[in-house]
Engineer: 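To start, I am sharing the structure in question, which I have written as structure tokens.
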Amino acid sequence: MTYAAYLRIYEPVSAFHEPERSRWAAYAVSPARPRRRNSLAVEHAEAMRRTITAPQIVVPEQESEHAYIRHADGITYVCPWQTRLRCLLAYGRMLSATGAPLPGTVPASDDDRAVAALAKLEDGGLPARLHILASVWTVPLAWFVPFAAAERWLALGSGGDGTSVAATASATRALVYTTPMSRARRRVARGLATLRGPAASYADTEWEPLRAEAELSEVGRWLEEFHPYSLVELDYGGLVYLLSDDALCGDQSAAELGAALDGAAKGECELAVAMYKRAHSRWRAFAEFELAN
């Protein structure tokens, strides 16, 4: 399993244009599609097949036909995997950072096709709206701001020690936050107002309000790209396998970030900094796992 977390947007099926709307509506009721509890593992298996293929497949030729599906209050919500688009944009970021793929890792023909596809994307020939953001080894702190502590769902799975919530009856090991788009946007806007106001005076602490504001602004712009009645989901993904049951039960990162912003807005500097440091230290330790590998 990839040690990555995911921020996802689920749009109402009615938000898609035809023929996508009909296709996703049929997909949502198909017994052949991957179930929600297995979808991440299926995605990982597909990525592994592309990696071990000789030569490896850097960017799939066709877009994925799969999506994550949610049902709530009689409404079907869809989060397309967009595997090809995500791979293409990741390849573009690699080229921007290195200037060229490592010698021998990508066939010249594949590189030419990927570069041509990127050029077409930049020219507006393809939609570049990603429904899924991924972060390897850690969760960016800005990702917690759209959520409240009460929107947290934890399942320890069959390996749990029985000390957590009732959701541990599930065989799935997961930690997920879900909220309506309206609440997510409102919380992000309130957070940005705080970071541009009272919290801006915390420049001598570990908070780094300017950096925090830039990261949260990026999340806010991304949320604005989608239907206002969408759902927003933060999934710890493979990171749950790096944490013990006790650590998962004790992880209250969204509550800590919320308390930090509330404290800053009220001028309670010590509380704000303490809550921020608690979340920051936890996820900085995760990020260091990447250096160890």
Side-chain angles (χ1 to χ4, degrees), residues 1-10 39-44 46-48 51 64 68 79-94 96-98 128-147 151-154 173-179 184 187-188 191-192 195 206-208 211-226 230-243 247-248 251-258 260 276-293:
M1 178 64 68
T2 302
Y3 295 126
Y6 304 90
L7 195 60
R8 302 188 183 100
I9 301 294
Y10 291 75
S39 291
L40 194 57
V42 174
E43 262 203 286
H44 178 64
E46 287 189 358
M48 285 296 294
T51 301
S64 174
Y68 291 92
C79 176
W81 287 6
Q82 297 175 300
T83 304
R84 184 178 189 275
L85 179 58
R86 289 159 62 195
C87 289
L88 186 61
L89 293 177
Y91 191 68
R93 289 192 295 269
M94 183 196 73
S96 297
T98 65
R129 217 175 41 134
L130 280 177
H131 285 72
I132 303 175
L133 303 181
S135 175
V136 180
W137 293 109
T138 190
V139 181
L141 295 186
W143 286 15
F144 290 106
V145 176
F147 305 96
E151 294 164 343
R152 176 179 180 268
W153 181 86
L154 170 65
R173 186 175 181 86
L175 201 166
V176 177
Y177 290 87
T178 309
T179 195
R187 290 164 182 155
V188 168
L192 286 171
L195 290 171
E206 292 183 24
W207 191 318
E208 299 181 87
R211 178 179 176 181
E213 179 192 342
E215 293 173 350
L216 189 55
S217 293
E218 186 175 341
V219 171
R221 286 191 294 271
W222 181 65
L223 294 178
E224 292 294 333
E225 296 179 2
F226 299 94
S230 299
L231 298 178
V232 186
E233 175 188 88
L234 171 56
D235 181 357
Y236 275 35
L239 296 183
V240 295
Y241 298 103
L242 295 176
L243 284 161
L248 281 173
D251 181 348
Q252 296 290 338
S253 296
E256 291 160 1
L257 264 294
Y276 175 83
K277 282 185 175 180
R278 182 181 296 180
H280 180 264
S281 297
R282 177 184 301 118
W283 292 105
R284 180 177 59 189
F286 271 84
E288 289 172 356
F289 283 136
E290 183 174 14
L291 300 178
N293 283 269

Engineer: Listed by chain and number, what are the side chain to side chain donor-acceptor pair (under 3.5 Å) partners of Trp222, not counting sequence neighbours?
Structural biologist: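 For Trp222 there are no side chain to side chain donor-acceptor pair (under 3.5 Å) partners, ignoring immediate neighbours.
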
Engineer: Could you give the distance from CG (Leu133) to OH (Tyr6), rounded to the nearest 0.5 Å?
Structural biologist: 11.5 Å

Engineer: Using side-chain heavy atoms (C-beta onward) and a distance below 4.5 Å, is Leu216 in contact with Leu195?
Structural biologist: yes

Engineer: Compute whether any side-chain donor of one residue and acceptor of the other, for Ser253 and Trp283, lie under 3.5 angstrom apart.
Structural biologist: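 Present: a donor and an acceptor within the cut-off.
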
Engineer: Nearest 0.5 angstrom please: Leu7 CG to His131 NE2, how far?
Structural biologist: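 Going from CG on Leu7 over to NE2 on His131, the span is 12.5 Å.
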
Engineer: Any idea which heavy atoms bring Arg86 and Leu130 closest together, and the distance?
Structural biologist: CG-CD2, 3.3 Å

Engineer: Considering all heavy atoms of both residues, which atom of Cys79 and which atom of Arg8 are nearest to each other, and what is their separation?
Structural biologist: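 Where Cys79 meets Arg8 most closely, the heavy atoms are SG-CB, 3.8 Å.
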
Engineer: Could you tell me whether Glu225 and Arg221 have a side-chain N and a carboxylate O separated by less than 4.0 Å?
Structural biologist: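 Salt bridge flag = no for Arg221 with Glu225.
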
Engineer: Taking only residues two or more places apart in sequence or in another chain, which ones pass side chain to side chain donor-acceptor pair (under 3.5 Å) with Tyr236?
Structural biologist: Asp251

Engineer: Below 4.5 Å, heavy atoms only, C-beta onward: do Leu141 and Glu215 meet side chain to side chain?
Structural biologist: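 Side-chain contact under 4.5 Å: no.
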
Engineer: What's the spacing between Gln252 CD and Arg282 CZ if we round to 0.5 Å?
Structural biologist: 8.5 Å

Engineer: Excluding sequence neighbours, so at least two apart, what forms salt bridge (charged side-chain N to carboxylate O under 4.0 Å, His left out) with Arg278?
Structural biologist: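 Checked Arg278 against salt bridge (charged side-chain N to carboxylate O under 4.0 Å, His left out); zero matches.
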
Engineer: Over all heavy atoms of both residues, which pair between Ser217 and Leu192 is shortest? Give the atoms and the distance, please.
Structural biologist: OG-CD2, 3.4 Å

Engineer: Testing the basics here: between Ala5 and Thr138, what is the closest heavy-atom pair and its distance to 0.1 Å?
Structural biologist: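 Heavy atoms only, the tightest pair is CB-O, 4.2 Å.
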
Engineer: For Thr178, which residues count as a side chain to side chain donor-acceptor pair (under 3.5 Å) partner, sequence neighbours excluded?
Structural biologist: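 Here the qualifying residues are Arg70.
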
Engineer: Does Leu223 form a side chain to side chain contact (heavy atoms under 4.5 Å, CB included) with Val188? I'd like the steps, not just the answer.
Structural biologist: CA-CA 9 Å; Leu223 294 178; Val188 168; 4.0 Å; yes

Engineer: Does Ser39 have any side-chain contact (heavy atoms from CB on, under 4.5 Å) partners at least two apart in sequence or in another chain, and if so, which?
Structural biologist: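 Only Pro34, Tyr68, Trp81 meet the side-chain contact (heavy atoms from CB on, under 4.5 Å) criterion with Ser39.
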
Engineer: What's the shortest heavy-atom distance between Thr179 and Ala184, and which atoms?
Structural biologist: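 That closest heavy-atom pairing would be CG2-CB, 3.8 Å.
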
Engineer: Check the pair Arg129 / Ile9 against side chain to side chain contact (heavy atoms under 4.5 Å, CB included), numbers first and verdict last.
Structural biologist: CA-CA 11 Å; Arg129 217 175 41 134; Ile9 301 294; over 6 Å; no

Engineer: Atom CG of Leu234 and atom OG of Ser135: how far apart are they, to the nearest 0.5 Å?
Structural biologist: 10.0 Å

Engineer: Rounded to the nearest 0.5 Å, what separation is found between the CG atom of Leu175 and the CZ atom of Arg152?
Structural biologist: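 That separation rounds to 4.5 Å.
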
Engineer: Looking at Ala254 and Phe144, what are the two nearest heavy atoms and their distance?
Structural biologist: N-CD2, 3.8 Å

Engineer: Return the set of residues passing ring-ring contact (aromatic ring centres under 6.0 Å, His included) with Phe147 (not counting sequence neighbours), or none when no residue passes.
Structural biologist: Tyr177

Engineer: For the CG atom of Leu40 and the CG atom of Asp235, what is their distance to the nearest 0.5 Å?
Structural biologist: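 Between Leu40 CG and Asp235 CG, I get 6.0 Å after rounding to 0.5 Å.
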
